[in-house]
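Notes to accompany the following structure.
The sequence lines fix the lettering, A, B, ..., with proteins before strands; numbering per chain opens at 1. The structure displayed is predicted, hence computed values, not measured ones.
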Amino acid sequence: MHAMFPPTLRVWLLRLAPLLLLLIVLGLLFFLVQKGHSALSLNLLFGDTPPLMAVLGQAAVWNGLWPACAGTLYLVLLTLLLALFPGLCCGIYLAEYANRRSALGIGLAMDILAGTPSIVMGLFGFTLIVFLRRTFCPSANTSLLLSAACLALLVLPNIVSNTREALAAIPRELRITALALGLGKNAMIRHILLPQAVHGIAAGVVLALARAAEDTAVIMLTGAVANSGLPAGLLDRFEALPFSIYYTAAEYQNADELASGFGAALILLALSALLVFLAHLLERRFLQRSRGYHATGHLC
Amino acid sequence: MQQAISVEHLSVSFDRSRILQDISFSAASCGINVLVGRSGSGKTTFLRALNRLNETIGPVRTSGRVRLDLGDGLEDIYPSEASPSVRPMNELRRLVGMVFQSPRVLPVSIAENIALPLRVVRHLSKDAIASRTETSLRQVGLWSEISHRLGTAAENLSGGQQQRLCLARALALEPAILLLDEPTASLDVHAGRNIEEVLTELARKYPVILVSHNCRQATRLAQQLTVFERGSLRATFSRDIPDAEEVNALLKEETPEYDAG
Amino acid sequence: MPRSNFLTENIPQETAGPWLWLGTVLAMLGVFCLCVMIVVAALPAFFSHSHSPFEWVWQPNQGHFGILPMCVGTLLLSFSSLALGFPWALAIAVWHLTEEASAFAHAKTAVGALIRFLTTIPTVVLSFAAVFLLTPFLRLHIGGTGFCLLGASLMVSLLILPTMILVLESGLKGKLEALCPYGLALGFSRYDLLRYCVLPQSVRTLTQAAVLGFGRALGDTLLPLMLAGNAPHVPTRVNESMRTLSAHMALVTANEVGGSAYNSLFAAGLFLLGTSVVVTLILRRLARTDTSPERP
C-alpha cells in the first residue's frame, strides 16, 4: 500500500479525532459542574419560600427555579396527553394496516414532521394565534396549551416510529400462531402484539418526553416567559427550565443569577440524561423479550 | 363412518410457483391420517389449506373444493359460485386446531396460554375457562406435572411439555379437526412417544391429520397414509399400510425427469 | 364435481377500528395544518412591494424588512458546520471501526457511550456553556466580541457530530464486518479494508450522513441565537457577528416589532420549512433500497 503517511503517524492522527471530542465534551461538562454545583441547593429551587408551601402551591416563589420546574413538568405531561393517542394509533396503523400507498404517504408526512426545525413548529403556533386573533377569537394568546400542542407535533414522529418499529420487530411466528388459534387481526394486535411491544413503545414515549422537556425554540414563540410564577391555567403563560436558562444567559444582572443559571443547566442536563437512560433500559428489555422468543427455539 | 374432510382437485400456488397440483383427499371422522413426503413436496401447504393459513403467508391462489365437517356436516370453507358465503376465517381456525413443528407457546404463563384464546375467541367465563383448562391439560397428560405452577411462564417448560401445552391449547377450543405439522420433530424420543400416545387416544374421537418426517412413526400411527411427491399425490394407503422400509423406498424413487440436454 | 377458482387476494383485509382511524387522521391533520398555515401565512410576503422580505437590509424602523442576509447567514452556518463537522465525524467513525490496538478497547466503548451521551445534552445547555467558555476565548484570540460565525459554527458542528457518526458507523460497519475474516487473513488491516474496499463503495452512506447533518444544522435555533451575535448583515469574516433565519424568527417574535415585520417572519418560516422538506426528500431518495417488511 502506498500510503500517504507511514502507518504509525496515520494511526495516531486518527486517534486525535475522538481524543479531541473527549476533551471538548468533558471540558464543557466539567465547566458546567464547576460553575453550577455550588448553586445546587433547595435555595436554588425555592428561594426564600419554605419548600413545602411552595410545592403545595400555597406560597409563591420569587427567586427560585421551582416555577420553571413545575412549568416544565406540566408542559411535558400535557404534551404527552396530546401526542400519545395520535402517535400510538398512527404507529399501529402504519405497522399493521396500511397498504403500500398509505404507508408511503403517512411515512412521508412523518418524515417531514421529523425534519421540521423546532422554530418552524413554534412559528406554526404563533401563526395560529395571529389567525385566531384576526378571525374567531380576538383575545387569543400564547399559552401552555398552545406550547403543548406544538410540542406534541414535534414529538409525534418519535412516538410513531418507535411504535412502528417495536411492532415490526415482533417475530412472524407469533403472529401466525395467534391467527391459527382463531384470533382475528384486531384481537391479535390487541391481546398478543401490543403486550409484547410495550417496552419498545414505552422507550419511544420516554424519548418524546425528553425532547419535550428540553426544547426551547417552540416554547419561546408560544408562551414561555421569564417570570410568571406557577402556571395558573392551560390558557396562561408559563415558565419553563430551558427558557429560563436562555433568559439568564441573555439578561443576567449579577453573579447569583448567573450561578442559578448554571444550576438550572445542570438540572436540565441531569433530567435529560436520566430520561434517555430510562429509554435505553426499556429498549434493552424489549430486545431481550423479542430475542428471547427466538432463542428458546421457537423458530419455524 | 362419516367423512370429516373432503378435498377435490385442490391446487395452490404462491406468486407464480405451483405448490400443490390437483390433490384429492378424504378423511373419516376419526382416526390418524398421516402425510409423508420429501421436504418441499407440499405437505405443509396442504395442511395449511385446510385452515386457510396459507393466506396469512402471502398472496396465494387456491382452486378446487375443500369441505370440512365442523359440526354441521360437510361445508365448503372457500367461497365460490356454488357457496358464496362461508365461515369467517377466524371462526374456521378456531374449529380446526393446529400444532406446529416447534412448540409455539405464547409468551405468557401456562394458564394464560390456554385462557387467552378461550377468553378472546370464545368469550368464555372465568369458571368455564378454569374447567376447560383442567380438562385439556388432563387430556394431554400434563395436569399432574404442572397443575401446581400454572402461573409460571410457559417458556420455562421443556420442549415436550411445551408441545403438549400447544396441543392442550388447541383441544381447549373444542376443535372439530386436528392438524399437526411434524409435532415431534423437535422433541427427543421419549417426549415424542408421549405425544404419539396422546394422539392415538385422541384419534378415537377426532379426525387427526399428521404430517410426519419419520417413516417409522408414519407407519406406526397411520390408519390412512398419503404420500406426497412434488406437489401431487403419489399414493394413498387405507387398509394395507406398508411398512417403513417400503415407504422409504417409495420416497427415494424418483420419477425420471425429461432431460432437456 | 364443480371446480371453483378462488382468488384469495380478493379477500378484504380486516380493517382498523374507528379509534385507530381517528388517531391516524388526527396525526395527519396536524402535519397538514402545519404545512398549510406556514405556506398561507407566507403568501402575502410575495405580493407586498413595500415591506418585501426579499431585500438585503433589515432596518424595521426605516421600513426595511429584508431577510436575505439571514438566509445567507443560515446557509453559511450550515455549510461551515458541515465542513468542520463531517471530516471530524468521519475520522471518529473510521477510528471506531478500525482501531485494533487492544489497549484502546476500553476507549472504544467509552467513546461510543460519550457519543450517545452527547445526543442527550439539551441544546440550550450546550449553548449556555459555550457562551461562558467559548465566547471569551474567541474574544481573546480572534478579536471582535466573541459572538461570531466561528463560535456558532464550532458548536453546531459539535451538535451534528453524533448523528453523523451514528449514520456513518451503521452504514459502514456491515460492509466492513463482511470483509473482515478473510480480508484480515490476507494481511490487510481493518483500516486498509475500510479505506480501499468499503469507503469507495459507500458514497451513499457518506451522502446520507452529510445531508442529515446539514439538515440538523439548518434548523437549530439556540446555538446561533446565543452565540452568533445576531447582527443582521452578511458577515465578511469569521469573527464577525451574523444572524440566522431561526434566530431572526425568535428575535422578531420576542420583540414584537409589529405587524409589518410579520411578513419577514413568515417568509423566513417558509424558507426553513421548504429547505427541510427538500432535505427530507433527498434523504428518502437515498434510502430507497429498503423494502418494506411483509405482514401476515
Side-chain angles (χ1 to χ4, degrees), chain A residues 1 14-15 17-18 21-22 24-25 28 31-32 85-90 92-93 96-97 100 103 106 108-109 111-113 115-120 123-124 126-128 130 153 156 160 168 172 175-176 179 184-186 210 214 216-217 220-221 242 245-246 249 261 265 268-269 272-273 276, chain C residues 14-17 19-20 22-24 26-28 30-31 34 37-38 41 88 91-92 94-96 107 111 114 117-118 120-126 128-129 131 133 158 161 192 215 218-222 226 246 249-250 253-254 262 265-266 269 272-273 276-277 279-280 284 292-293 295-296:
Chain A
M1 298 296 145
L14 208 56
R15 288 177 184 159
L21 182 67
L22 205 71
I24 292 180
V25 176
L28 281 169
F31 177 71
L32 273 177
F85 176 66
L88 284 181
C89 291
C90 204
I92 296 175
Y93 183 80
E96 304 293 326
Y97 293 96
R100 200 160 170 272
I106 299 179
L108 178 66
D111 279 348
I112 289 180
L113 206 56
T116 307
S118 49
I119 191 88
V120 174
L123 184 68
F124 169 58
F126 188 78
T127 315
L128 211 58
V130 169
L153 260 187
L156 200 62
V160 169
R172 217 154 180 234
R175 293 164 189 264
I176 296 183
L179 289 173
K185 187 168 186 177
N186 291 346
E214 63 127 354
T216 323
M220 256 181 173
L221 270 62
I245 297 174
Y246 160 71
L268 190 60
L269 182 62
S272 187
V276 175
Chain C
E14 225 178 293
T15 49
W19 286 113
L20 220 59
L22 182 65
T24 311
L26 275 178
M28 292 298 103
V31 185
L34 170 70
M37 288 234 95
I38 301 283
W88 195 7
I92 296 183
V94 168
W95 172 79
H96 204 239
V111 170
L114 186 74
F117 177 69
L118 196 50
T120 72
I121 301 185
T123 340
V124 65
V125 170
L126 211 57
F128 192 82
V131 166
L133 192 58
L158 190 64
L161 207 56
D192 294 329
L218 209 57
D220 192 66
T221 312
L222 263 300
M226 289 166 80
S246 45
M249 287 160 71
T253 41
Y262 283 3
L265 188 65
F266 299 132
L272 279 180
L273 181 63
S276 81
V277 169
V279 166
T280 304
R284 276 174 73 93
S292 49
R295 276 193 304 280

What heavy-atom pair brings [X] and [Y] nearest, and what distance separates the two atoms?
X	Y	answer
A:L128	C:M37	CD1-SD, 3.3 Å
A:F124	C:L34	CB-CD1, 3.4 Å
A:G261	C:F128	C-CZ, 3.6 Å
C:V31	A:L153	N-CD2, 4.2 Å
A:P18	C:V111	CB-CG2, 4.0 Å

Heavy-atom pairs under 4.5 Å with chain A: which of [options] has the most?
options	value
C:A129, C:P122, C:A41, C:G215	C:P122
C:G219, C:G23, C:A91	C:G23
C:L218, C:L222, C:L161, C:V94	C:L222
C:V131, C:L133, C:L114, C:L26	C:L133
C:F117, C:W88, C:W19	C:W88

When you compare the side chain of [Y] with that of [X], does any pair of heavy atoms fall below 4.5 Å?
X	Y	answer
C:T123	A:T216	no
A:Y97	C:T24	no
A:L21	C:L158	yes
A:P117	C:D220	no

Practice task
Output the option from A:L113, A:L32, A:L123 having the highest count of non-hydrogen pairs under 4.5 Å with chain C.
Solution key: A:L123
Problem - Heavy-atom pairs under 4.5 Å with chain C, option from A:L156, A:V130, A:V120 with the top count - result: A:V120
Would you compute the distance between atom [atom1] of [X] and atom [atom2] of [Y] and round it to the nearest 0.5 angstrom?
X	Y	atom1	atom2	result
C:M249	A:L221	CE	CG	6.5 Å
C:L273	A:I119	CG	CD1	13.0 Å
A:L108	C:T280	CG	OG1	8.0 Å
C:T221	A:M220	OG1	CE	8.0 Å
C:S276	A:D111	OG	CG	11.0 Å
C:R284	A:I112	CZ	CD1	8.0 Å

Which answer fits [X], side chain, backbone, both or neither, if we ask what part of it has an atom under 4.5 Å from a heavy atom of chain C?
X	result
A:L269	both
A:I245	both
A:L268	both
A:I24	side chain
A:V25	side chain
A:V160	neither
A:A210	neither

Exercise for the section: Verify, without hydrogens or angle tests, whether A:E214 (side chain) and C:V124 (backbone) share a donor-acceptor contact under 3.5 angstrom. Expected result: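 Checking the backbone N and O of C:V124 against the side chain of A:E214, no donor-acceptor pair under 3.5 Å is found.
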Handout entry: Side-chain (C:T120) to main-chain (A:S272) donor-acceptor, under 3.5 angstrom
Key = no
Practice task
Name the orientation class of the two ring planes belonging to A:F126 and C:F266 (parallel below 30°, tilted from 30 to 60°, perpendicular beyond 60°).
Solution key: tilted
Handout entry: Under 4.5 Å from a heavy atom of chain A, the part of C:I121 involved
Key =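 C:I121 touches chain A through backbone and side-chain heavy atoms alike.
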Problem - Contacting moiety of C:L20, where chain A heavy atoms sit under 4.5 Å - result: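 Contact with chain A involves both backbone and side-chain atoms of C:L20.
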